[in-house]
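One structure below.
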Amino acid sequence: MAKDDVFTFDLRGFERSLTKIEKRVLPTAQAGFLNGIAFGARKSLLAYADKTIQGKPTAWTRKGFVVDKATPGSLEAALRIQPKQGRYMTYLTNGGVRKKGDVGATPFNVLTDAPDSEKNAFGNLKRGYLKRIARQAKAEKTKRARLAAKREKLRAAGKSTAPARWGANNSSGKPGVFFGEIGNQKGYWQRAAKRDGDYKLRLLARMSDKAVYQPTFRWDDTISASIKSSDLAKMYSAEIARALRKFNGS
């Protein structure tokens with residue numbers, strides 16, 4: 001009767017190699033995989049911000065979108081907004097109540113409405129609009145005060161006040177801008193222009209003590225869409241191959 005052949009294998013070397021792969025290659029690949037997902041989502045968020053924020057986000061705002069990278073020793077990647085930029089973005093991403101003195105408000109008032117012509121398709125106010133009309137109102141207030149003082153001097157001297165009237169010193173002929181409260185509505189107004197005997201004021205920016213915001217920046221939805229559109233299997237395979245190359249080259 002033929003004797004059975006017996007084969008003996010020493011698996012200890014193979015097991016040691018496998019342990020090295022498990023400890024070095026897989027965590028490195030997993031960290032790279034998570035970072036790829038996080039940076040892909042960051043790219044999607046910035047593209048979405050470009051579409052939804054009027055005039056596109058500034059370089060300062062873009063720098064606020066950061067990824068805390070995963071490492072082989074800490075397999076967790078986080079996509080977040082830096083604290084300073086977050087205070088600016090919080091009303092877009094989370095909604096809430098903005099009060100006077102808060103980020104994005106003046107020390108005295110909060111913008112609560114403006115003409116639709118000054119908003120983008122997402123309902124956001126055009127960049128610099130409020131600063132522009134506030135600057136215009138301040139300059140006009142100063143100019144009108146100077147003209148009023150000049151009229152008093154002319155009147156005291158028994159002279160005509162015509163040269164110191166607003167119309168004579170408003171070469172553009174455009175209606176002026178002022179800040180005030182009309183009919184329980186506080187804000188910046190465009191002065192009346194005479195049309196068919198009527199004088200009509202136009203509200204340029206309604207201001208209040210506080211404003212309630214609904215979330216308009218789709219943070220979670222944008223991240224979810226980015227992940228769903230990614231080829232995760234391909235990404236993970238590429239990270240495995242990259243980690244193996246580093247392992248074999250070490």
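Quick note: residue numbers are just sequence positions, from 1.
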| query | Step by step, would you call L45 with F217 a side-chain contact (heavy atoms from CB on, under 4.5 Å)? | reply | CA-CA 9 Å; L45 282 173; F217 192 89; 3.9 Å; yes
Minimum heavy-atom distance [X]-[Y], with the two atoms named:
| X | Y | answer |
| --- | --- | --- |
| P163 | A168 | O-CB, 4.2 Å |
| A77 | N35 | CB-OD1, 3.7 Å |
| S160 | L154 | O-CD1, 3.4 Å |
| V67 | A38 | CG1-CB, 3.7 Å |
| S229 | S226 | OG-O, 3.0 Å |
| Y129 | L204 | OH-O, 2.7 Å |

| request: Walk me through it: do W219 and L92 pass the test side-chain contact (heavy atoms from CB on, under 4.5 Å)? | output: CA-CA 9 Å; W219 177 274; L92 298 178; over 6 Å; no
Quick check: is [Y] connected to [X] through a chain of hydrophobic side chains (ILVMFWY, heavy atoms under 4.5 Å apart)?
| X | Y | result |
| --- | --- | --- |
| M235 | L34 | no |
| Y188 | W166 | no |
| V177 | M207 | yes |
| F178 | L147 | no |
| V66 | I81 | no |

[X], [atom1]: over 12 other non-hydrogen atoms inside 6.0 angstrom:
| X | atom1 | value |
| --- | --- | --- |
| E181 | CD | yes |
| R191 | CZ | yes |
| E76 | CD | no |
| R144 | CZ | yes |

| query | Any donor and acceptor pair, going by atom type alone, linking the side chain of R151 with main-chain N or O of A164 inside 3.5 Å? | reply |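 Yes; judged by distance alone, with no hydrogens or angles, the pair exists.
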| Under 3.5 Å, side chain of R155 to main-chain N/O of T161, donor-acceptor pair present? | no
| Ion pair D50/R62, N-O distance below 4.0 Å |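 Answer for the salt bridge query: yes.
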| query | Between E140 and K143, does at least one N-O distance fall below 4.0 Å, as a salt bridge requires? | reply |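 Between K143 and E140 there is no salt bridge, as every charged N stays at least 4.0 Å from the carboxylate O atoms.
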Once rounded to the nearest 0.5 Å, what's the spacing between atom [atom1] of [X] and atom [atom2] of [Y]?
| X | Y | atom1 | atom2 | answer |
| --- | --- | --- | --- | --- |
| R206 | W189 | CZ | CH2 | 7.5 Å |
| L130 | R135 | CG | CZ | 10.5 Å |
| Q185 | L201 | CD | CG | 11.0 Å |
| S44 | I227 | OG | CD1 | 9.5 Å |
| L232 | S237 | CG | OG | 10.5 Å |
| I37 | L79 | CD1 | CG | 12.0 Å |

| said: A side-chain contact here means heavy atoms from C-beta on lying under 4.5 Å apart; do K141 and F179 qualify? | reply: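 K141 vs F179: side chains apart.
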| side-chain contact (heavy atoms from CB on, under 4.5 Å) assessment of T216 paired with T93 | CA-CA 6 Å; T216 57; T93 56; over 6 Å; no
| field | Side-chain donor-acceptor contact under 3.5 Å, Q85 with R87 | value |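 Their side chains do not contain a donor-acceptor pair, so the 3.5 Å distance test is not met.
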| query | According to the interplanar angle, ranging from 0 to 90°, do the rings of F33 and Y236 count as parallel (below 30°), tilted (30 to 60°) or perpendicular (above 60°)? | reply | perpendicular
